[in-house]
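Values reported hereafter were calculated over all heavy atoms of this structure, with side chains retained and with hydrogens, waters and symmetry mates removed. Below, read A as the first sequence line, B as the second, and so on, with proteins coming before strands; counting in each chain starts at 1. The shown structure was predicted, so the numbers you read here are calculated from the model rather than taken from an experiment.
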2 protein chains.
Amino acid sequence: MPRPGLTTASVTEAAAELVDEIGFEQLSMGVLAERLGVRTPSLYKHVAGQADLAHRIAVLTHHQFADAIRDAIQGRAGGEALAAGAQAMRKWVLEHPGRYTAGNAARASGPDDPLVAAVERVVASWAAMVRGYRLNPAQEIHALRMMRSALLGFATVEAAGGFQFDAAVDDSFTWMINFIDEGLRTIAAGP
Amino acid sequence: MPRPGLTTASVTEAAAELVDEIGFEQLSMGVLAERLGVRTPSLYKHVAGQADLAHRIAVLTHHQFADAIRDAIQGRAGGEALAAGAQAMRKWVLEHPGRYTAGNAARASGPDDPLVAAVERVVASWAAMVRGYRLNPAQEIHALRMMRSALLGFATVEAAGGFQFDAAVDDSFTWMINFIDEGLRTIAAGP
DNA sequence: GCCTCTAGCTAATCGCATTAGCCAGCGCCG
DNA sequence: CGGCGCTGGCTAATGCGATTAGCTAGAGGC
């Protein structure tokens with residue numbers, strides 16, 4: 001019998017895919033091992049345990065998430081960048097609900113946790129979107145946090161199935177982006 | 001030895017308090033039983049199991065959350081209601097982080113799940129805040145969702161310790177409320 | 001003062017994560 | 001080509017926490 005030839009990275013990626021299919025809370029070492037055609041204890045040669053695995057999924061998630069946003073806003077600025085980045089992020093979340101849950105559940109263990117760097121990449125992507133509005137630096141941090149909260153909140157509620165009338169959710173999202181765009185442009189133009 | 005005299009409600013409430021102290025993910029039947037001065041299996045006389053318990057905490061959470069907002073916006077309207085409701089909700093989340101996590105993690109099993117009614121009470125509180133702006137009915141639903149997303153997102157990121165510079169988080173929150181208030185007033189005044 | 005009903009208890013059971021210890025394939029060196 | 005060490009995978013054992021089975025005693029009603 002040939003060896004599957006697993007690595008920490010391949011195990012993590014398989015877990016990420018699995019989690020999108022069955023839901024983060026359903027993840028167990030058993031199902032993952034089965035998916036990889038391996039016995040459960042073998043996984044421990046690549047990850048330290050379930051907590052470690054979840055953490056690795058979270059780090060992977062933030063990197064992929066940051067990539068998706070960065071690619072979307074490439075070469076755009078202002079409202080266009082905002083719209084493109086926001087839509088890309090929403091699409092990504094809907095396509096990777098399990099990963100997204102894992103990413104939100106994770107907590108950094110300390111300043112040198114790789115999760116911190118991964119999260120910073122995401123924040124940097126959003127910061128790039130906000131920067132296009134050329135706000136007062138004192139306001140920029142607040143605008144960034146507002147945007148981050150609104151987008152994350154929307155995606156979270158949607159992923160949880162929290163909106164009653166599914167039909168209009170697309171409209172609500174673009175409406176929200178417009179709302180933010182107009183608000184930021186008003187501020188930028190203001191005193 | 002006198003009987004503790006537990007009930008489903010008292011077990012749920014004790015679990016909610018416990019979860020705020022130790023974190024939702026640390027909740028186990030064992031620690032809860034210990035807290036209540038009882039042996040683990042005894043809890044099963046009041047709740048069907050850990051999943052049931054978590055679900056009950058979530059329902060309780062949404063009701064308390066809705067109460068907190070409703071009380072805060074009593075007798076206020078427009079921007080004042082928005083500010084008061086938002087601040088009350090943020091305060092509540094910071095004081096009850098474990099419960100809040102439990103509430104967000106829960107999923108309704110169907111339309112007659114008591115969780116649905118509880119969530120609707122929360123949404124109704126927010127709807128009351130938005131209604132004060134007398135928007136076009138077509139926009140009201142979008143405004144409601146935007147507000148819900150922004151507030152939930154902010155609370156979630158904050159509860160997760162996701163904001164880097166703690167000092168300015170208060171300012172960011174009031175800035176965000178102002179941003180939303182001004183945007184909604186502009187829309188209300190518009191065409 | 002008895003009777004019933006049930007909250008709480010002790011003693012299994014079970015599932016899943018994790019650990020211990022064994023073994024074989026692969027690459028490398030002679 | 002044959003030996004050697006390293007390491008990934010395996011089986012068997014451990015352990016902890018959730019859950020279930022079956023027993024018992026205290027509180028409330030007659």
*Take atom CZ in B:R134; do more than 12 heavy atoms of anything else shown fall under 6.0 Å from it?*
no
_Give me each pair satisfying ring-ring contact (aromatic ring centres under 6.0 Å, His included) with a member in residues 6-41 of chain B, each pair once, sequence neighbours excluded._
none
*Given atom CG of A:L32 and atom P of C:dT18, what is their separation to the nearest angstrom?*
12 Å
*Report yes or no: do B:S125 and B:R70 form a side-chain donor-acceptor pair below 3.5 Å?*
no
_Rounding to an integer number of Å, can you tell me how far B:L6 CG sits from D:dG26 P?_
17 Å
*Check for a donor-acceptor pair, side chain of A:S10 on one end and backbone N or O of A:L6 on the other, with a separation under 3.5 Å.*
no
*Figure out the CZ/C1' separation between A:R39 and C:dT19, and round it to whole Å.*
17 Å
_Residue met sooner reading DNA chain C from 5', once A:M29 and B:T7 are mapped to nucleotides_ = B:T7
_Does anything in residues 41-56 of chain B come within less than 4.0 Å of DNA chain C? Heavy atoms only, and list the residues if so._
B:P41, B:S42, B:K45, B:H46
*Any idea how A:F154 and A:F163 line up, ring-wise: parallel (<30°), tilted (30 to 60°), or perpendicular (>60°)?*
tilted
*Could you give all pairs that pass the ring-ring contact (aromatic ring centres under 6.0 Å, His included) test and reach residues 42-63 of chain B, with sequence neighbours left out?*
none
